[in-house]
Amino acid sequence: MLWWARRFRDQQAHKALISFLYKQFTTQLAIGVHQSSAHQASSLFPLLEACHRSKSIYEAKKIHQYLLTNNTHIEERWQLFEKLAQVYIACDLVGLARRVFDEIPKPSVILWNLMIRAYAWNGPFQEAIDLYHGMLNAGVRPTKFTFPFVLKACSGLQDVEVGQEIHEQKGTCPNSSTIVAVLPTVAQANALSQGKAIHGYSVRRNFCNDVVLGTGLLDMYAKCQCISYARRIFDILDVRNEICWSAMIGAYVMCDSMRDALALFVEMVCKSGMKPTPVTLGSILRASAKLNDLSIGRQVHCYAIKSGFELDTMVGNTLLSMYAKCGNIDNAARFFAKMMSKDTVSYSAIISGCVQNGYAEEGLLKFHQMQLSGIEPDVPTMVSVLPACSHLAARQHGACAHGYSIVHGFAIDSLISNALIDMYSKCGNLNFARKVFDMMYVRDIISWNAMIVGYGIHGLGVEALSLFNYMNAAGIKPDDVTFIGLLSACSHSGLVTEGKHWFYAMSQNFNIIPRMEHYICMADLLGRAGLLDEAHIFIQRMPFEADVRVWGSLLAACRIHNNIELGEEVSKKIQGLGPEGTGNFVLLSNIYSAVGKWDDAANVRIMQKNQGFKKSPGCSWVEVNGVIHGFVGGDQSHPQSTQIHEKLEELLVGMKRLGYHAESGFVLQDVEEEEKERILLYHSEKLAIAFGILSLSPRKPILVTKNLRVCGDCHAAIKLISLVTKRRITVRDTSRFHHFTDGICNCGDFW
DNA sequence: ATAGGGTTAG
C-alpha cells in the first residue's frame, strides 16, 4: 500500500488517501482484524507515512492511541513509534514527539537528529544540547546533520563557548551548512575575530561563492557593525538572489546607513530587476522610519498595496511602526484599525506609538483591547505598556503590569526591569524603583541612568551623585544620557559646584562631548541658582549656536529671579530664532506682571496673538481606583464637576484664612481681577487635586501629573491646601516631582 | 541564508 502514499504528492490527494486508509483501519478494528498482528505494520506504516506528508494530527493521534492500547509485535512497535515521533515533529508537536521518543529504547540516529532539530527550532534550546549529550552517552555517533542543529541551539542560547566545544568535539571538517548554522551565534556574541576566522576557513575551502553562506557571512559582519566587510562579500558573490539583496539592504539599516540602504534598494529594483520581497520592504520601511521621512514611507506603502504585500502581517507591522515613528499617529491608528491579522507585534507597535506621540491613555486602552482580543502580551508589549503608566503616573496600572510581568516570567528581562525602575520612580515610588534596581541580575547603562534620573526628578541630587560615584566604582562607563540625568539632578537640588565639576569632567575624563541637552542643563543649573550673568556668559561662549531651549531656560531663570533687563534681552534673542519659542512669551509676560509692568505684559500678549502663537493647554491627571481622570483648565466635563468646584471654593476660604491671594500675574487673559481668581482656581492641577481629595481616602497620598510645568500660583496654593487638608500631595510636572506636606514643597520653591 | 514591535535623557 505504501506506493500509493508515495505517488500522491499532492496534499488533497493525501487527505483523500488518509481518509481511505483510516476508514479501512477502523473497519479492521471493528471486524477484529487487528488480532492478527502480522498484518498491522503493513497497514499502519503507510498510514503514518500519509499522516506525515499531509500533517494530519488527528489521524496520527488515533494511531498513537491504538498503539498504546494494543500489543503489537515488539520490533515493529518501535518502528511505528519512530515514525509516529516523526509525524509529531512534522506537525510541530514537540512535546508529544518527545513522549514517544522517550518510550523508544534505541532511537535511530535520524530520530535523534530530528528531535534535536525540533528543539533547535522551537526551543527550549538547552533541551537540544542535553539531547545531543544524551545521544553521545547512548553511544550513537552523530552524523553531519547533527551539528548544524546543535549549533543552532547554541546560537539560540547565545552561548559561543558550548558551540565551539561541540565544534571541536566532532573533530571533522565543518561543511558549509555547519558554518551557516554557527554564524548567528558569532553575530549575537559580537565575536568579530571568530567570525573572521570562519570567513577565512570558508575562503580556503572555496565555499565563498555559495549564496547561502555568503548571505550568512554578510549578515554576521553587519551584526558586528562591519558594514564594509559585509558589502565586500556581497560584491564578490557571482550569483545573488533576493534574499541576499534583502540581507544587504537590511545590513545597511542595521549599521545606520539609511541612504546606502535606499540606494541599494533602487539598484535592486531598477538595475538588477529583482523583485522586492516583504522582508525587503520591511527594511526600507525601517530605514524611512529612522530617517523620519514620511514621504519615502508613503511611497513604500503604495508599492506594498500594489504588490499585495500590505496584507503581510510583518509588512503591516513595520508600516504601522513607521507611521508612528514619523509622528503620524493618525495614520498609524487608522492602519492598525483596518489590519486584518493583528498579532502581538501589531499591538506592541500601536501601544508604543501612542505613548511616544503623547497619547499614553490611548496606549493603555489599546492594551486593554489587546487582552480582550485574546492576544497574549509578551516582553516587548509590557515594555511598551510600562512607559504609558510612567507618563500618566498610573500607579495601579503600573503595579498590575509589574505583577503580570512576574507571573509570566518577563520580570528577569533587563528591558522590563529598566522600564519598571522608570515607572516606579515616575509614579513617585522611589523605594520600589531602587528595589527593582538592586534586585537586577545584570544592570546595563540604562538601568543606572534610569535610577539616577529617578533621584534627580525627586530632587535628591546628593543621592544621584552618590549613585553615580558607585557606578564609577563598579567600573560602569557613563554615557551622554547619564550626564544629562546627573546635571539636571544637580540643577534641581542647587548643587552648582558639583554640576560645574561634572560638566567639565565629562569631556575631560570621560571623553563625552557635551550636546545641546547638556548645555540646557547647565544654563538651567546656573540660572536657577541665581547666577544669571554667569549663565548668560556661559551660553554666549558655547561652541555652537544655542537653541530656543537653552535661551528658554535662562528666561525661566529670569522669571524666578525677576530680572527684567536680561529677560527682555533673552526674549528678543528667542524671537530671532524663529517660531519655536511659543511658551516663552508666557514667561516674559509673567516677568512684567510680577513687577507690576502691566502694559508691557499686555503688549507681549498682543504680540503673541499677532504672531499666531497658542499656548498648549495645560492638562493634569489623577488615578483613582485604576481609572485615569484627566482635566484641562476650567474643565466642566467631569461627571463630578459640581462637587469638584464646590470643594475648590471651600478650599479657597481656608487658603485665604492662611494669607493666600491669587497671583493674577499668572493669568494671561485680559479679564477682571475677580475673573482672574476664578481662572486660577480652576487650573487643571487644582481640579485634579480637588477630585483626588474627594475620591481618595484621607490617609492616601494624592498624585497628580501635569503636561506642563506647574504654575506659580498653583504651587503656592497647593502648599496651603496640603496644610489645610493635612494631606500629602504630590505633583509631577514636566521637570520634576513636587512633594507637598504641611505647607512645604520639597523643591524649595525653585523649579 | 534575509525578517516586524521594546527601556533611560530632551
Side-chain angles (χ1 to χ4, degrees), chain A residues 176-177 179-181 183-184 210-220 222-223 230 234 237 240-251 253-254 276-283 285-286 289 312-322 324-325 336 342-353 355-356 377-387 390 410 413-423 425-426 444-454 456-457 479-489 515-521 524 547 549-550 553 734-735:
Chain A
S176 89
S177 63
I179 294 169
V180 171
L183 282 172
D210 178 12
V211 208
V212 177
L213 180 63
T215 307
L217 277 171
L218 88 79
D219 180 60
M220 180 274 296
K223 286 189 174 127
F234 179 78
L237 283 172
R240 289 179 288 240
N241 55 18
E242 43 280 278
I243 295 179
C244 188
W245 279 90
S246 304
M248 191 62 229
I249 292 168
V253 179
M254 239 182 281
T277 67
V279 179
T280 330
L281 293 191
S283 294
L285 283 169
R286 271 180 301 131
D312 183 294
T313 314
M314 186 266 279
V315 171
N317 290 339
T318 331
L319 267 168
L320 172 59
S321 149
M322 181 275 296
K325 282 184 182 140
F336 175 78
K342 298 186 188 70
D343 62 5
T344 316
V345 180
S346 329
Y347 274 101
S348 307
I350 192 69
I351 292 169
S352 75
V355 179
Q356 277 156 14
D378 62 0
V379 168
T381 317
M382 299 318 286
V383 173
S384 315
V385 169
L386 284 167
S390 304
F410 302 158
D413 194 297
S414 69
L415 272 93
I416 293 273
S417 301
N418 292 342
L420 281 171
I421 294 171
D422 180 61
M423 184 277 288
S425 80
K426 296 240 171 86
D444 60 16
I445 185 68
I446 293 178
S447 330
W448 291 91
N449 291 352
M451 201 61 231
I452 288 173
V453 168
I457 57 175
D479 68 359
D480 48 342
V481 179
T482 318
F483 283 101
I484 295 172
L486 193 67
L487 293 174
S488 69
R515 281 191 285 126
M516 193 67 85
E517 279 74 17
H518 299 99
Y519 284 94
I520 295 172
C521 290
D524 201 58
D547 72 355
R549 295 170 297 167
V550 181
S553 57
T734 39
S735 72

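The sequence lines fix the lettering, A, B, ..., with proteins before strands; numbering per chain opens at 1.
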In whole angstroms, the gap separating C1' of B/dT8 from CZ of A/Phe483 amounts to 15 Å
Exercise for the section: Classify the nucleic acid contact of A/Arg286 as base, sugar-phosphate or nothing, counting any heavy atom under 4.0 Å across all strands shown. Expected result: sugar-phosphate
**Message:** Could you check whether the side chain of A/Ser348 and the base of B/dG5 have a donor-acceptor pair of N or O atoms closer than 3.5 Å, going by distance alone?
**Reply:** yes
The nucleotide from B/dA1, B/dG4, B/dT8 with an atom nearest the side chain of A/Pro387 is B/dT8
Discussion item. Mind checking if A/Ser417 touches a base, just sugar-phosphate, or nothing, with heavy atoms under 4.0 Å?
Written reply: nothing
Q.
Heavy atoms only, 4.0 Å cut-off, all strands: where does A/Thr277 land among base, sugar-phosphate and nothing?
A. nothing
Side-chain contact check for A/Val453: nearest option of B/dA9, B/dG6, B/dT2 is B/dA9
Checklist entry - Is it true that a side-chain atom of A/Arg240 and a backbone atom of A/Phe234 form a donor plus acceptor pair closer than 3.5 Å? => result yes
Among the nucleotides B/dG5, B/dG4, B/dT2, whichever has the atom closest to the side chain of A/Ala349 is B/dG5
Would you mind reporting whether A/Ile421 and A/Ser447 have side-chain heavy atoms less than 4.5 Å apart? yes
Sequence neighbours excluded, the answer for side chain to side chain donor-acceptor pair (under 3.5 Å) partners of A/Asp343 is A/Asn317, A/Ser346
Per atom distances to the A/Ile520 side chain, the nearest of B/dG10, B/dG4, B/dA3 is B/dG10
Heavy atoms under 4.0 Å, any strand shown: does A/Thr482 hit a base, just sugar-phosphate, or nothing? nothing
When rounded to whole Å, the NE2 to C1' distance for the pair A/His518 and B/dG10 reads 10 Å
Testing B/dT2, B/dG4, B/dT8 for proximity to the side chain of A/Ala247, the answer is B/dT2
- Task: Under 4.0 Å between any heavy atoms, over every strand shown, what does A/Asp210 touch: base, sugar-phosphate, or nothing? Just pick one.
- Result: nothing
Query raised in the report: What does A/Val379 touch in the nucleic acid at a heavy-atom separation under 4.0 angstrom: a base, only the sugar-phosphate, or nothing?
Result: base
request  = Return no unless some side-chain N or O of A/Lys223 is found under 4.0 Å from OP1 or OP2 of B/dA3.
outcome  = yes
Taken to the nearest whole Å, CG/A/Leu487 to C1'/B/dA9 is 11 Å
**Asked** Under 4.0 Å between a side-chain N or O of A/Gln356 and OP1 or OP2 of B/dT7?
**Response** yes
When rounded to whole Å, the CD1 to C1' distance for the pair A/Ile457 and B/dG10 reads 14 Å
Would you indicate, yes or no, if B/dG6 has its OP1 or OP2 atom less than 4.0 angstrom from a side-chain nitrogen or oxygen of A/Lys325? yes
- Message: Considering every strand and a 4.0 Å limit on heavy-atom distances, what is the contact class for A/Lys426: base, sugar-phosphate, or nothing?
- Response: sugar-phosphate
- Query: Would you say the base of B/dG5 and the side-chain of A/Asp378 have a donor-acceptor pair closer than 3.5 Å?
  - Reply: yes
Whole-Å distance, A/Leu319 CG to B/dA3 P, equals 18 Å
Rounding to 0.5 Å, atoms CG (A/Leu285) and CG (A/Leu319) come to a distance of 4.5 Å
Between CG of A/Asp524 and C1' of B/dA9 the distance, given in whole Å, is 14 Å
Over all strands shown, is A/Asp343 touching base, sugar-phosphate only, or nothing at heavy-atom distances under 4.0 angstrom? base
Out of B/dT7, B/dA3, B/dG6, minimum distance to the side chain of A/Asp219 belongs to B/dA3
With the side chain defined as heavy atoms from C-beta on, A/Val481 is closest, among B/dT8, B/dA3, B/dG5, to B/dT8
query = Can you tell if the side chain of A/Leu420 reaches within under 4.5 Å of the side chain of A/Ile416, non-hydrogen atoms only?
reply = yes
Do the side chain of A/Asp480 and the main chain of A/Phe483 share a donor and acceptor less than 3.5 angstrom apart?
-> no
Taken in chain and number order and not counting sequence neighbours, the residues that satisfy side chain to side chain donor-acceptor pair (under 3.5 Å) with A/Gln356 are none
Winner on side-chain proximity to A/Asn449, out of B/dT8, B/dG5, B/dT2, is B/dT8
**Asked** Any donor-acceptor pair under 3.5 Å between the side chain of A/Asp479 and the base of B/dA9?
**Response** no
Picking from B/dA3, B/dA1, B/dG6, the nucleotide nearest the side-chain atoms of A/Ile243 would be B/dA1
Among B/dG6, B/dT8, B/dA1, the one nearest any side-chain atom of A/Asp422 is B/dT8
Taken to the nearest whole Å, CZ/A/Phe410 to C1'/B/dT7 is 15 Å
ask   = A/Ser384 side chain N/O closer than 4.0 Å to the phosphate oxygens (OP1, OP2) of B/dG5?
value = no
When rounded to whole Å, the CD1 to P distance for the pair A/Ile350 and B/dG6 reads 12 Å
